[in-house]
Amino acid sequence: MAQDEHRPKRRKTKAENDTSIVKIGNKTISLSAYLQPQKKPLEQPPADQQYTTVETQPESKIESEPPKKSESDTRKKNAPKQHISSGDPSLLKSRKALPIWTHQNEIKASLRDDNDVLLIVGETGSGKSTQVPQFLIDEPWCRKKKVRVQSDTVNVGGMIAITQPRRVAATTLASRVSREIGTPLGTSREGLVGYSVRFEHNIPKGTKIKFLTEGMLLQELLRDPNLRQYSAVIVDEIHERSVDVDLIAGFLKQILLGDKAGRGGIPLKVVIMSATADVEKIQGFFNPENLTSSVQLLRIKGRQYPVDIKHTTKPVSDIQEALLKRIFDIHMHEPLPGDILAFLTGQEEIEAAQRLIEEYSATLASDVPKLLVCPLYGQLSIQAQQDAFQPAKKGFTRKVVLATNIAETSVTVPGVRYVIDCGKAKVKQFRSQLGMESLLAKAISKSSAIQRTGRAGREGPGKCYRLYTSETYDSLRDADLPEILRNDVLGAVLTIKARGINNVLSFPLMDFPDLESVEKALIQLHFLGALADDGSITETGKKLALFPVSAPYGRVLLAASEPQYDCLLEVIDIIACITAGENIFYQLQSEEAREEVEEYRKELYRREGDILTYLTTMQRYAAENADRTGWCRKRKVNTRTMKQALNIRKQLRGICLKEKMLAEPPPPDPQPFVPMSPEGAAQLLRCFLRGFGTRCALLAPDSSYVTVQGKHVVAVHPSSALHGRKRESIMFLEHVFTQRSYVKKVSAVQADWIVEVMEGRG
DNA sequence: GACTGTTTA
């Protein structure tokens, strides 16, 4: 294990230059408590009940029958209801045509007996996500068992969890598999397949296969560290290497290596599924020396048409020019139908390219097919995104989709035969030394380039034009840096600690973040009151882990429920707006557009800054009962984001009620709008300082802002209500480096409030 | 005067 080799080295470095004493405000804390060495190689999940005897009892009489019974026989009798049939016959044919179908017995065999881990590498279209859970549900080890855990009799197993990085994948896969298996979702209260994603749970009675998002499984781990309801966990799309999937891999490894006490001795089977072949790392991670059986590996061919790859002969200096030439070359020489998908880095580049293409295509002769340009990026409205997925309405037209890497994994554009790849993508990188993230265009990885290329071969043979040389391709990194090495690890550290692992350095991770960034996270968590001076998790920390928002926001929620602040409903409204995804305010491109909405937006803006502006917007939106969509349109407010904000508001209110932070359910909408008084606003902002006291800046004599911690010059982002305004001191919720160092979500505060909070008097 | 992409009871 990589982190095993590195850990002693890190500790040595620590001892050499002792930075383990850190001052925060008036507090001095010693990091050695956080970073204590541990003799045990791995910390076990908390054995909330001590394991004494294993008494594996068959739950039903079928299980005590002789094991010779044929599979179909067992199936019939084991069925909760007669609807456990062989599935929908019309779908069975297409299932049998999937490349994975012939591996069915192999997959079953590789998880029998003491083999608990299977790694499946399968390209897109292999059918692994839909078929593997169906192959496994009738395996003998997949039955629910009654066992004794200390003095309690508990059920262990019976279900298979399958994780997905995105909500839409979890729900659509569940829908597909439920139809294949013969118990379609939504037709009955009983069924074999269900899903669980944020805001949406559909778990029919008798569910054996449960699709869920990665975050959802992490949340379940909080309540049940041993995942007792599951016989197996299938981790899909592990190659995407989200922070959540890395954490899940760590928790699964701990359960695999543990003494199974919390599961009454019953093993958990783990299937890891990946689209790319970075096999050694995953295999090595789950296959340490002390595991008796080795990790089985299965490779499955995908169903992909061949794609002809063309590189440039010389490096490209002007991407826009090369793109334009390439698009019109394809357009003039390749037959219809066959749409073009071009990967660019961001909105700005896409808009510029769109203008150029449209200008040039206007000059084309009338006997040449038309070109329809569709931008595709996350900030785009749903409607505009839909246009990119629809075939061109007019005939004799070729569609050109100009996309960010949203089209690499998150969405699939149909009809594409030609891909143009600029070789770059914007990547977020957190710099823990500066407490700031950057968003800059960087060279993509080989794996990313291959993924982009594959988008040309979904429906037939295709071509991929790379706007870089084959030498450049050879020089690319094999895989992208996993997110856990690019992100703030604050959330990851809290997630680990809240699930009973005190020594985060002992937690198994495929890639371990810098010690320094872990230290920074620990210090920040200590400031938030989530960790005690000895580094152990506090009650506050446990509460923060319950909220579906980052720890600083969670801290603000907790502060808001204290009598001295008493502004919980307001804080919930604000945090709901902020964490709903995109900015609730559309960015206005032209002077005209700005003038058009000015009158309407004026009543939303507050001189205190963005936090109060969000509050006003949510309150006025919720007070509007007749036509919310029209209300949004007039103010150029993102309806989708506001709807999401209402969902989050409801969720947060629910958690706060359950946690007794709210005494009673808030009155239902619509409530009359009452603007918050300046005094109330001041209290609200002081409350936010409890989470963001470390993110403040003071106005310097030269009118720039300088951060209190680190003394960095920052500019107020143009999206902020305080852009171009001068305030004595500001608090910001985000700090991003793009063209320059920007702070976002900015509010005016008073310097003495900052001192107050940092000295622990807030 | 500027905005890769996901996700959480």
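All chains are named by letter (A, B, ...) in the order of the sequence lines, taking the proteins before the strands, and each is independently numbered beginning at 1. None of these values were measured; they are calculated from a predicted model.
Heavy atoms of A/S410 sit under 4.0 angstrom from primed sugar atoms or phosphate atoms, though from no base atom. Backbone-only contact: A/T404 has heavy atoms under 4.0 Å from sugar-phosphate atoms and none from a base. The residue A/G654 sits apart from the nucleic acid: no heavy atom pair falls under 4.0 Å. At a threshold of 4.0 angstrom between heavy atoms, the contacts of A/L439 include nucleobase atoms, whether or not backbone atoms are also involved. The residue A/Q739 sits close only to the backbone: its heavy atoms come under 4.0 Å of sugar-phosphate atoms, none of a base. Across all strands, A/R653 comes closer than 4.0 Å to no nucleic acid atom at all (heavy-atom distances). If you check every strand for non-hydrogen atoms under 4.0 Å, A/E408 touches nothing. A/R198 comes within 4.0 angstrom of a base, heavy atoms only.
Rounded to whole Å, the distance from CD1 on A/I578 to P on B/dT8 is 19 Å. Here B/dT7 presents its P atom at 18 Å from CD1 of A/I238, a figure rounded to the nearest Å. In this structure, the CG atom of A/L247 is 14 Å from the C1' atom of B/dT6, given to the nearest Å. Per the geometry, CD1 belonging to A/I572 stands 16 Å off C1' belonging to B/dT8, to the nearest Å.
If you find the closest nucleotide of DNA chain B to A/E437 and to A/Q651, the one lying nearer the 5' end belongs to A/E437.
Salt-bridge check for A/R486 with A/E437: failed, with every basic side-chain N at 4.0 Å or more from each acidic carboxylate O.
When the salt bridge (Lys or Arg N to Asp or Glu O under 4.0 Å) test is applied to A/R695, no partner is found at least two apart in sequence or on another chain. Evaluation of the salt bridge (Lys or Arg N to Asp or Glu O under 4.0 Å) rule for A/K602 yields A/E599 as partners, not counting sequence neighbours.
Considering only side-chain N and O atoms, A/T409 lies nowhere under 4.0 angstrom from the phosphate OP1 or OP2 of B/dT6. Between A/Y742 and the phosphate of B/dA2, there is a side-chain N or O to OP1/OP2 separation shorter than 4.0 Å.
Of the candidate nucleotides B/dG1, B/dG5, B/dA9, B/dG5 has the atom nearest to the side chain of A/K428. Taking only side-chain atoms of A/H717, from C-beta outward, the nucleotide of B/dG5, B/dA2, B/dA9 with the closest atom is B/dA2. Closest to the side chain of A/E483, from the set B/dA9, B/dG5, B/dT7, is B/dG5. Here the nucleotide nearest the side chain of A/I406, chosen from B/dT7, B/dG1, B/dT6, is B/dT6.
A/D702 and A/S704 are linked by a side-chain donor-acceptor pair at a separation below 3.5 angstrom, with hydrogens and angles left out of the test. Side-chain contact check for A/H735 and A/S741: at least one donor-acceptor pair (N or O, by modelled atom type) lies under 3.5 Å. Judged by distance alone, the side chains of A/K726 and A/S703 do bring a donor and an acceptor atom under 3.5 Å apart.
Taking only distance into account, the side chain of A/R166 never meets the base of B/dG5 through a donor-acceptor pair shorter than 3.5 Å. Applying the 3.5 Å distance criterion, the base of B/dG5 shares no donor-acceptor pair with the side chain of A/E240.
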